[in-house]
Visitor: 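Mind having a look at this structure? Questions to follow.
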Amino acid sequence: MKIKKQTGLRGTLTVPGDKSISHRAVMFGALAKGTTRITHFLEGADCLSTISCFRKMGIEIERNQDQILVHGKGLHGLQAPSGILDVGNSGTTTRLISGILAGQNFSSEIDGDASIRTRPMKRIMAPLASMGADIISRNNNGCAPLIITGKPLHAVHYDSPVASAQVKSCVLLAGMYADGITSVTEPFLSRNHTEIMLNYFGAKVSSTGTSAAIYPEPVLEARDIVVPGDISSAAYFIAAGLLTPDSEILLKNVGINPTRAGILKVCRSMGADITLLNKNPEGEPTADLLIRTSSLKGTVIQGADIPTLIDEIPMIAVMAAFAQGTTIIQDAQELKVKESDRIAVMVDNLKRMGADIEGTDDGMIIHGGRPLHGAAIDSHLDHRVAMSFAVAGTICEGEMEIQDAQCVDISYPEFYKDLYLCGN
Ligand code: S3P
């Protein structure tokens, strides 16, 4: 994919549905009684992997143009899968489904692509084992393929060493099949979509500070779910709108749950002109975001803010390279175990563009403001890397070439079309 410089991005855009919420809507809909109707579902490859896994366990899921119908069979309605559960590239599918599978009365095997086979799974294997689950890594390397033999589970309190919504959700989902109240505490609060949506489906989940607890054996009832626009997808257009001269972009109906909206805080601290319109605080809060060209300055990003913007750091790193002054990102060691090692990959590719950036153990230091030029970018098949550099290509001088650019299908199949339309 070749990208050229653009000026004056203008227009109104509705970004695709939130990836985290789309996964959960299918999963919880499958475990609820009745038909769950999902609108603005993200038709990205990751969420389609979740659909295919639940179909393999006997759940009928209809897909049509503007909605997904999940014909749920209740908490104990899944059947032994008809084959290996293929999670593709999706860490969310792998870790959340493992929590559900641990408490079933059948065995299953989960596998995925080359990237998923390198993602750390000990972080869910350890808490699940403490609940009495039987979960093993086929190659004994703490990664997928995972073989899960369903067992009766015990309630535990788990102190998670990482702030991870996937770990938290895995334990809470297993807790639905346990013999008492299961709880998780994490060092910082990670996205809380599981807690919000399980309560909406009728479960009893309580949250205090960085802890969440769930009562076992909830009766989940089918619901209608309207998935908000994904702030992680909006991030590319926030950056493009802020950095491209003479731009004004309106992003409609974006999810602004505070556990996800750290990018807005960071952009403001960098001097961004972003206005929130039509705020809707119900359930998962949403707003329209009005983005206007701004001159950006460096900032410091750390601690409790990191989980609220973890997937946006590739885009933030690019913004920091175009901003004046130094940006320091720390406490973000989780970046190393995402779809690629996002510290190494961002540092390497930004250097190819002429940026002054250094990687650290838990983040990066970027001295912004150098003139940046197009380069051949290796996406490492990481959708967020590809999209971040596509945006960079619309701002810098010279031509940008993104290798394996179609990996954006994971979370945003129409990305290049939307980026092109904004500039025309
Ligand atoms: C997700 C949680 C985050 C995030 C991922 C989606 C989720 O991962 O990076 O893209 O839907 O729960 P971790 O929980 O591993 O931080």
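Keep in mind that this is a model prediction, so the values were computed, not measured. Counting convention: from 1, in listed order, for ligands and their atoms alike. One-based numbering along the sequence shown.
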Visitor: Counting heavy atoms not belonging to Asn139, are there more than 12 under 6.0 Å from its CG?
Guide: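 Enclosed: over 12 neighbouring heavy atoms sit under 6.0 Å from CG of Asn139.
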
Visitor: Between Arg384, Lys338, Glu312, Glu334, flag the one that comes closest to atom 3 (C) of ligand 1 by a heavy atom.
Guide: Lys338

Visitor: So, does Ser49 use its side chain to make a donor-acceptor pair with the main chain of Ala45 at under 3.5 Å?
Guide: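 Yes: the side chain of Ser49 pairs with the backbone of Ala45.
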
Visitor: Between the side chains of Lys73 and Glu60, is the shortest nitrogen-to-carboxylate-oxygen separation below 4.0 Å, so that they form an ion pair?
Guide: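 Judged by the 4.0 Å cut-off on N to carboxylate O distance, Glu60 and Lys73 do not form a salt bridge.
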
Visitor: Looking only at distances, can you tell me whether any N or O atom of Val167, backbone or side chain, sits closer than 3.5 Å to an N or O atom of ligand 1?
Guide: no

Visitor: Please determine which of Leu128, Ile110, Leu173 meets the side-chain contact (heavy atoms from CB on, under 4.5 Å) test together with Leu101.
Guide: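 It is Ile110; the other options fail the test.
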
Visitor: Write out the residue and atom name of the closest protein heavy atom to atom 1 (C) of ligand 1, then the distance separating them to 0.1 Å.
Guide: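 Nearest neighbour among protein heavy atoms for atom 1 (C) of ligand 1, to 0.1 Å: Gln166 NE2, 3.5 Å.
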
Visitor: Can you list the ligand 1 atoms lying under 4.0 Å from a non-hydrogen atom of Asp311?
Guide: 4 (C), 5 (C), 9 (O), 10 (O)

Visitor: Could you tell me whether Arg191 approaches ligand 1 through its side chain, its backbone, both or neither, with non-hydrogen atoms closer than 4.0 Å?
Guide: side chain

Visitor: For residues 25-37, tabulate all N or O donor-acceptor pairs below 3.5 Å that involve a side-chain atom, not counting sequence neighbours.
Guide:
from  : atom 1 : to     : atom 2 : distance (Å)
Thr35 : OG1    : His71  : ND1    : 2.9
Thr36 : OG1    : Arg223 : N      : 3.2

Visitor: Please check this pair: side chain of His40 against backbone of Val15, looking for a donor-acceptor N/O pair closer than 3.5 Å.
Guide: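 Yes, His40 side chain to Val15 backbone: donor-acceptor pair under 3.5 Å.
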
Visitor: By number and element, which atoms of ligand 1 are closer than 4.0 Å to a non-hydrogen atom of Ser20?
Guide: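 Close to Ser20: 1 (C), 6 (C), 7 (C), 11 (O).
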
Visitor: Look at atom 12 (O) of ligand 1 and find which of Arg24, His193, Lys168, Glu339 reaches it with the closest heavy atom.
Guide: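 Answer by nearest heavy atom: Arg24.
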
